[in-house]
Amino acid sequence: MSETSGAVGIIGGTGLTTLSGLEISGKRTLETPWGAPSSELTEGRLDGQPVIFLSRHGNPHRIPPHEVNYRANIKALYDAGVRTVIGVNAVGGIHPDMGPACVVVPDQIIDYTWGRAATFFEGELEKVTHIDFTWPYDQEARHILVQAAADQKVAFAGFGVYGATQGPRLETAAEIRRMERDGCDLVGMTGMPEAALAAELGMRYVCLGLVVNRAAGKSDHIITMEEIELAIEQGMSGVRRILEVSMAGLGALTDLPQPS
Ligand code: HPA
């Protein structure tokens, strides 16, 4: 067993390529049957809790959402002993209450992505497997993050439907209107298939979203990189604080029974 077995996994997205505050004890390069993960695994402790950090878009940030090897990322964390994963995602806000720098802990997903390697269950299989995905995010982990967000007094929403789009382009205003009609509250490009792959391996998975812009057509201007960078600057310290104060609770969650 590795020293960090039982560690909480954090997958950092745009704006979280490295995790300041992490007392780093080592770095590991892992290969998986699905290829190499986006970055080396950084092992260490956050608020005393063993953590393994992985940068979803690589370090430096260079892998676009549709080219992330989600299978390698999730399998590498699994092989390193991680059973609880927090996916940190920059998102666009569709719901009027989800403006820039708001932190969102979504409870549901609608998947609009296509052409991504989205399952471990393919190839030479002994049997066909359909995992239950009714509640895509782990409810206990969600409650811990929501409580932490409330305690940190950051602007947050403890619910929301995450609409996962293909990218790398942002959406049209009509696409966002359709997503709103579908019930989406926020939009991002990296939430899927990450969540489903974690579920396939029986891991707890939770999303911590940071709204970095109002979604297309939801403000009086087009979306600019400047506003996104500003929202990251304003909101990422809240995300880091939430991560820090959630660690003990997340680390104490016991493993889920493994899928048969
Ligand atoms: N759309 C999709 N993904 C995003 C957005 C958006 O508006 N903002 C940040 N990630």
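The first residue of the sequence shown is numbered 1, and numbering continues consecutively from there.
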With no hydrogens and no angle check, just 3.5 Å: does a side-chain donor-acceptor pair link Glu43 and Ser25? no

I'd like to know if the side chain of Ser38 pairs up with that of His57 as donor and acceptor (distance under 3.5 Å, no hydrogens or angles considered). no

Does this structure show an ion pair linking [X] with [Y], if we count only N-O contacts that are shorter than 4.0 Å?
X: Glu180; Y: Lys218; result: yes
X: Asp138; Y: Arg142; result: no
X: Glu40; Y: Lys27; result: yes
X: Glu122; Y: Arg71; result: yes

Measure from NZ or CZ of Arg83 to the centre of the six-membered ring of Tyr78, then state whether that distance is under 6.0 Å and the direction lies within 45° of the axis. yes

With a 4.5 Å limit on heavy-atom distance, are the side chains of [X] and [Y] in contact?
X: Arg204; Y: Val85; answer: no
X: Ile63; Y: Asn69; answer: no
X: Phe159; Y: Pro106; answer: no
X: Thr119; Y: Glu200; answer: yes

Working for side chain to side chain donor-acceptor pair (under 3.5 Å), residues Asp182 and Tyr112: CA-CA 11 Å; Asp182 285 353; Tyr112 301 90; 2.5 Å; yes

Does anything in residues 188-199 form a side chain to side chain donor-acceptor pair (under 3.5 Å)? List the pairs, not counting sequence neighbours. Arg56-Glu194, Asn89-Thr190, Glu194-Tyr205

Could you check, using the six-membered ring where one of them is a Trp, whether Trp34 and Phe120 have ring centers closer than 6.0 angstrom? yes

In Å and rounded to the nearest 0.5 Å, what is the [atom1] to [atom2] distance from [X] to [Y]?
X: Glu67; Y: Arg116; atom1: CD; atom2: CZ; answer: 10.5 Å
X: Thr224; Y: Leu230; atom1: OG1; atom2: CG; answer: 9.0 Å
X: Leu77; Y: Phe53; atom1: CG; atom2: CZ; answer: 10.5 Å

If you count the non-hydrogen atoms of other residues, nucleotides and ligands that lie under 6.0 Å from CD1 in Ile24, is the total more than 12? yes

Within 6.0 Å of CD in Gln139, more than 12 heavy atoms from elsewhere: yes

Val91 and side-chain contact (heavy atoms from CB on, under 4.5 Å): which partner among Thr14, Val211, Asp185? Val211

